[in-house]
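Every heavy atom of this structure was used, including side-chain atoms; hydrogens, water molecules and symmetry mates were not.
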Amino acid sequence: MQSIRLQRTIEKDSEIHLCDLPVSQGQQVDIVVSFSPRLSLKKILLRVNY
């Protein structure tokens with residue numbers, strides 16, 4: 001099975017939109033969603049003040 005890696009920023013809670021993928025109608029695909037960890041405000045402030 002071929003793989004395509006995409007990174008997107010979520011614009012609306014609970015929604016992911018994918019388009020213009022090289023797939024055909026009726027073709028079966030596997031979709032895996034990996035989440036990057038959210039940065040806490042404390043970590044962000046430490047980075048800015050460092």
Self-check item: Residue pairs involving residues 13-26 (criterion side chain to side chain donor-acceptor pair (under 3.5 Å); sequence neighbours excluded)
Solution: E15-H17
Quiz prompt | V23-M1 co-clustered via ILVMFWY side chain contacts under 4.5 Å | solution = no
Quiz item: Same hydrophobic cluster for L21 and V32, using side-chain heavy-atom links shorter than 4.5 Å among ILVMFWY?
Solution: no
Side chains of residues 2-12: which donor-acceptor pairs under 3.5 Å do they make with residues two or more places apart or in other chains?
none

Quiz prompt | Joint hydrophobic cluster, F35 plus L18, side-chain heavy atoms closer than 4.5 Å | solution = yes
